[in-house]
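Step one of this worksheet: look at the structure below.
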2 protein chains.
Amino acid sequence: MAPTTPRPPTMRDVARTAGVSTATVSRYVNGLQRFTEATEARLREAIDQLGFTVDPVARSMITGRTHTVAVVILDIRNPHFTGIVKGANRKAQQLGYNLLFVDTGERQSAEAGMLRELSRRVDGLIVSSRMPDADLSTLRDLDKPVVFFGRASQVGVHSVSADGRSAAAMLGRHLIDLGHRRIAYLGYGAARWDAERKAGLTDALREAGLEPMFFSADSPTLEAGEKSVGEVLMGSARPDAVVCYNDMLALGFMKQAQAAGVRVPEQVSVAGFDDIPFARFSTPTLTTVDMQSEAMGELALERLIELIDGTLDASEEMLKPRLVLRQSTAAKVRT
Amino acid sequence: MAPTTPRPPTMRDVARTAGVSTATVSRYVNGLQRFTEATEARLREAIDQLGFTVDPVARSMITGRTHTVAVVILDIRNPHFTGIVKGANRKAQQLGYNLLFVDTGERQSAEAGMLRELSRRVDGLIVSSRMPDADLSTLRDLDKPVVFFGRASQVGVHSVSADGRSAAAMLGRHLIDLGHRRIAYLGYGAARWDAERKAGLTDALREAGLEPMFFSADSPTLEAGEKSVGEVLMGSARPDAVVCYNDMLALGFMKQAQAAGVRVPEQVSVAGFDDIPFARFSTPTLTTVDMQSEAMGELALERLIELIDGTLDASEEMLKPRLVLRQSTAAKVRT
DNA sequence: TTGTACGCGTTATCAC
DNA sequence: GTGATAACGCGTACAA
């Protein structure tokens with residue numbers, strides 16, 4: 001039923017029953033100084049007799065701090081973002097902050113307005129977005145500390161990321177070492193990290209005198225991975241190996257390739273990015289690069305709090321990816 | 001850098017530049033009445049000249065509404081909860097509400113205190129918890145509307161769920177129809193839904209004059225599924241089919257069973273609950289029951305808002321699960 | 001239709 | 001160490 005909302009006790013109530021002023025109650029609950037035995041006892045008793053707790057809204061009103069930060073991500077169903085949120089949540093609990101969660105996945109149109117609205121409710125924001133670099137100034141104009149996933153220091157916004165270029169280069173060298181020569185990249189152009197992964201792969205191949213073949217999916221999902229098999233594998237020049245933009249694409253791709261009668265890794269090697277939990281449970285298990293999703297979430301939150309506390313200037317921070325070799329990449333079997 | 005926080009314009013600022021009173025500004029931004037052409041024009045201009053937006057904190061102070069609801073879940077890495085959050089997020093955006101997200105996974109000890117603290121920042125809460133039924137009154141004592149995932153109407157708390165008992169019975173009958181007789185349940189006792197799934201499976205088996213074999217995992221995860229294979233399959237009496245508490249357990253179990261040389265479904269059928277996205281991409285694809293995670297999230301949020309608005313009384317609501325047949329269950333091959 | 005004035009619950013700034 | 005009291009920014013009687 002709709003509760004009869006018995007208004008919670010206020011500081012005035014406590015002050016009255018303890019026979020002190022509200023200022024004293026405030027100082028007590030905030031632990032700002034010491035009190036005489038007598039008043040402290042009376043305060044303690046009054047507070048837990050009435051079951052008083054401070055109203056954080058009223059407190060925010062005067063301090064200007066909400067102890068809440070926003071986490072804005074693209075799609076919580078993507079385990080990469082799940083990891084980020086998990087990490088941010090953990091750090092937030094440690095530091096006594098709350099998380100205002102927004103999944104923008106379904107309508108990214110009204111993003112600017114939403115960020116502006118959000119920013120009034122929080123002390124700072126962690127943002128993952130596909131907004132074009134040109135619009136990044138939007139983030140600075142929020143006049144609240146922001147940690148962005150992707151380069152943004154040119155507009156004075158702190159950023160956190162994993163080194164996608166070197167990650168992709170690692171994958172590329174690994175595939176070359178296995179003897180592959182026809183290596184494809186199945187990208188997702190709308191994603192912020194697509195360009196650098198593409199570039200890293202290209203770096204590695206060029207060193208070996210090779211050029212990647214390029215394909216692109218229309219979303220970074222399992223389903224899009226399935227759908228891309230036709231284009232990538234059924235053309236005249238089938239690649240030996242396919243590097244996918246992320247693990248979701250890779251898992252979908254691998255599954256459908258097998259369904260189409262193509263053996264992985266015997267006929268084609270497949271790899272992805274992120275090292276999502278399921279990468280270890282597919283058949284074959286998936287070679288990938290751990291992009292440190294959870295660590296990124298933790299780091300982002302930690303840095304955001306430092307920005308809020310004013311103990312940090314904007315900068316860029318990059319985590320080191322880790323190559324994870326599994327069964328989906330192997331030397332090609334000549335038939 | 002830490003922004004120099006130029007205080008945002010207030011209603012007083014708008015009132016002054018528009019030459020009206022703050023009350024008029026308030027009425028205008030809340031669209032409560034009509035104005036003369038002249039004042040409306042001056043208001044409009046003053047507002048977007050100053051870039052004024054109302055301070056939601058100050059507004060909450062007076063209205064007692066934060067337009068924020070808490071979503072408290074056990075582990076965002078479990079796709080079941082991911083779905084719930086996705087659904088809740090969608091509905092929240094539609095209804096103009098914000099989501100305060102909490103993943104309690106790592107420390108569920110301080111839960112009661114956390115809920116109490118949270119409740120002061122929000123208009124209502126959506127809660128998934130392993131708290132014992134005896135502690136459910138905690139939720140009512142928050143004096144804020146709550147929607148709980150699981151039966152709780154005995155303490156006057158609205159609840160939403162999917163019918164696990166009939167879901168499990170459906171799976172049971174399916175396995176019996178396939179000719180299986182030695183059917184096992186790999187449960188996870190700490191989970192709220194474990195008992196009813198167990199009961200539903202037992203219902204179905206008893207109708208056929210059978211009794212399930214019981215095993216239990218120590219967490220509802222991929223890893224725990226892997227670890228359970230030894231106990232379940234390597235005993236003296238190997239089951240024909242294994243129903244797992246959820247898809248995560250099932251996928252982990254299936255993978256490790258295969259690694260141990262047991263063929264699925266030829267030697268043992270495997271099924272789970274939730275129909276997580278990856279269930280369609282494992283090898284073999286996983287038979288499961290769609291427990292409507294996303295719909296549960298949407299429904300929970302919708303009902304919560306109704307409770308907040310006082311247009312709904314506490315009750316229990318149950319969604320209908322849907323059996324999803326895939327490759328992991330099949331008639332056993334006699335060898 | 002518009003203005004005046006008060007209150008929401010807390011913290012900060014002075015006095016004492 | 002403690003108490004008055006003025007903010008914080010907004011909504012809303014009540015009066016005009």
Side-chain angles (χ1 to χ4, degrees), chain A residues 5-44 46-47 50-68 116-117 119-123 143-144, chain B residues 5-44 46-47 50-68 116-117 119-123 143-144:
Chain A
T5 10
R7 283 208 173 266
T10 75
M11 278 193 172
R12 257 195 284 282
D13 299 327
V14 175
R16 199 177 316 118
T17 59
V20 297
S21 74
T22 60
T24 302
V25 180
S26 175
R27 292 182 188 110
Y28 178 72
V29 300
N30 290 317
L32 292 181
Q33 51 169 66
R34 308 200 52 167
F35 303 84
T36 60
E37 285 287 328
T39 53
E40 179 158 351
R42 300 219 306 286
L43 280 167
R44 189 175 23 243
I47 285 177
L50 297 175
F52 168 83
T53 55
V54 302
D55 179 341
V57 177
R59 173 182 276 168
S60 297
M61 186 83 216
I62 183 98
T63 63
R65 289 285 174 84
T66 60
H67 266 75
T68 301
R116 183 154 292 288
E117 239 218 43
S119 73
R120 305 231 32 181
R121 306 184 159 275
V122 300
D123 297 338
D143 289 321
K144 282 278 169 69
Chain B
T5 9
R7 282 209 173 266
T10 75
M11 278 193 172
R12 257 195 287 280
D13 299 326
V14 175
R16 200 177 316 120
T17 59
V20 298
S21 73
T22 59
T24 302
V25 181
S26 173
R27 293 183 187 111
Y28 178 73
V29 300
N30 290 317
L32 291 181
Q33 49 170 66
R34 308 198 53 166
F35 303 84
T36 60
E37 286 285 330
T39 53
E40 179 157 351
R42 300 218 307 285
L43 280 167
R44 192 176 20 245
I47 285 178
L50 297 176
F52 168 82
T53 55
V54 303
D55 179 341
V57 176
R59 175 182 273 168
S60 296
M61 187 82 222
I62 184 111
T63 63
R65 289 285 174 84
T66 61
H67 266 74
T68 302
R116 184 155 290 288
E117 240 218 44
S119 73
R120 304 234 31 183
R121 308 185 156 275
V122 299
D123 297 339
D143 287 321
K144 282 280 168 66

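Predicted, not measured: the structure shown is a model, and the values here were computed from it. All chains are named by letter (A, B, ...) in the order of the sequence lines, taking the proteins before the strands, and each is independently numbered beginning at 1.
Counting to the nearest Å, the P atom of C/dC8 and the CE atom of A/Met11 are 15 Å from each other. One atom, CG of B/Leu43, and another, C1' of C/dT2, lie 11 Å apart when rounded to the nearest Å. Straight-line distance from the NE2 atom of A/His67 to the P atom of C/dT10: 16 Å, rounded to whole Å. In this structure, CG of A/Asp13 is placed 13 Å from C1' of C/dC8, rounded to the nearest angstrom. Atom CZ of A/Arg12 and atom P of C/dT11 are 12 Å apart (whole Å). For the pair A/Glu40 CD and D/dT2 C1', the computed distance is 14 Å after rounding to whole Å. Atom CG of B/Asn30 and atom P of D/dT12 are 7 Å apart (whole Å). The separation between B/Arg121 atom CZ and C/dT10 atom P is 13 Å, rounded to whole Å.
For the pair A/Thr22 and C/dG9, the criterion of a side-chain N or O lying under 4.0 Å from OP1 or OP2 is not met. Neither OP1 nor OP2 of C/dC8 sits under 4.0 Å from any side-chain N or O of B/Ser60. Between B/Arg65 and D/dG11, a side-chain N or O to OP1/OP2 separation shorter than 4.0 Å is absent. Look at B/Thr63 and you won't find any side-chain N or O under 4.0 angstrom from OP1 or OP2 of D/dG11. Regarding contacts with the backbone of D/dG9, every side-chain N or O of B/Thr10 stays at 4.0 angstrom or more from both OP1 and OP2. In this structure, A/Ser26 reaches the C/dT11 phosphate: one of its side-chain N or O atoms is under 4.0 Å from OP1 or OP2. The phosphate of D/dG3 (OP1 or OP2) has a side-chain N or O of A/Thr24 nearer than 4.0 angstrom.
Residue B/Val54 is classed as a sugar-phosphate contact, given heavy-atom separations below 4.0 Å to backbone atoms only. Within the 4.0 angstrom heavy-atom criterion, only backbone atoms of the sugar-phosphate kind lie near B/Phe52; the bases stay farther away. Contacts of A/Val20 with the nucleic acid, taken as non-hydrogen atoms under 4.0 Å apart, involve only primed sugar atoms and P, OP1 or OP2.
Side-chain contact check for A/Tyr28 versus A/Val14: every heavy-atom pair is 4.5 Å or farther apart. Looking only at side-chain heavy atoms (C-beta outward), B/Arg121 and B/Thr68 stay at 4.5 Å or farther from each other.
Where B/Thr39 and B/Arg120 meet DNA chain C, the nucleotide closest to each residue was compared, and B/Thr39 sits on the side nearer the 5' end.
For A/Arg59, the listed nucleotide lying nearest its side chain is C/dT10; candidates were C/dG9, C/dT10, D/dC10. For B/Gln33, whose side chain is taken as the heavy atoms from C-beta onward, the closest listed nucleotide among D/dT2, C/dT1, C/dT11 is C/dT1. Set against C/dT10, C/dT1, D/dC10, the side chain of A/Asp55 has C/dT10 as its closest nucleotide. For A/Ala23, taking side-chain heavy atoms from C-beta onward, the closest of the listed nucleotides C/dT4, C/dG9, C/dA12 is C/dA12. Listed nucleotides: D/dA4, D/dC10, C/dT2. Nearest to the side chain of B/Ile62: D/dC10. Listed nucleotides D/dG11, D/dC8, C/dT2 differ in distance to B/Arg7; the shortest reach to its side chain belongs to D/dC8. Side-chain atoms of A/Arg27 lie closest to D/dT2 of the nucleotides D/dT2, D/dG11, D/dC14. Of the listed nucleotides (C/dA5, D/dG3, C/dC8), C/dC8 has the atom at the smallest distance from the side chain of B/Met61.
Judged by distance alone, with hydrogens and angles left aside, the side-chain atoms of A/Thr63 form a donor-acceptor pair with the main-chain N or O of A/Arg59 at under 3.5 Å. Counting only distance, with no hydrogens or angles, the side chain of A/Ser26 and the backbone of A/Thr22 share no donor-acceptor pair below 3.5 Å. In this structure a side-chain-to-backbone donor-acceptor pair under 3.5 Å is missing from B/Asn30 to B/Arg27.
Residue A/Val57 comes nearest to B/Ser60 through the heavy atom pair CG1-CB, 3.9 Å, listed as atom of the first residue, atom of the second, then distance.
Checked options B/Arg12, B/Met11, B/Arg16; the residue passing with B/Val25 is B/Met11 (criterion: side-chain contact (heavy atoms from CB on, under 4.5 Å)).
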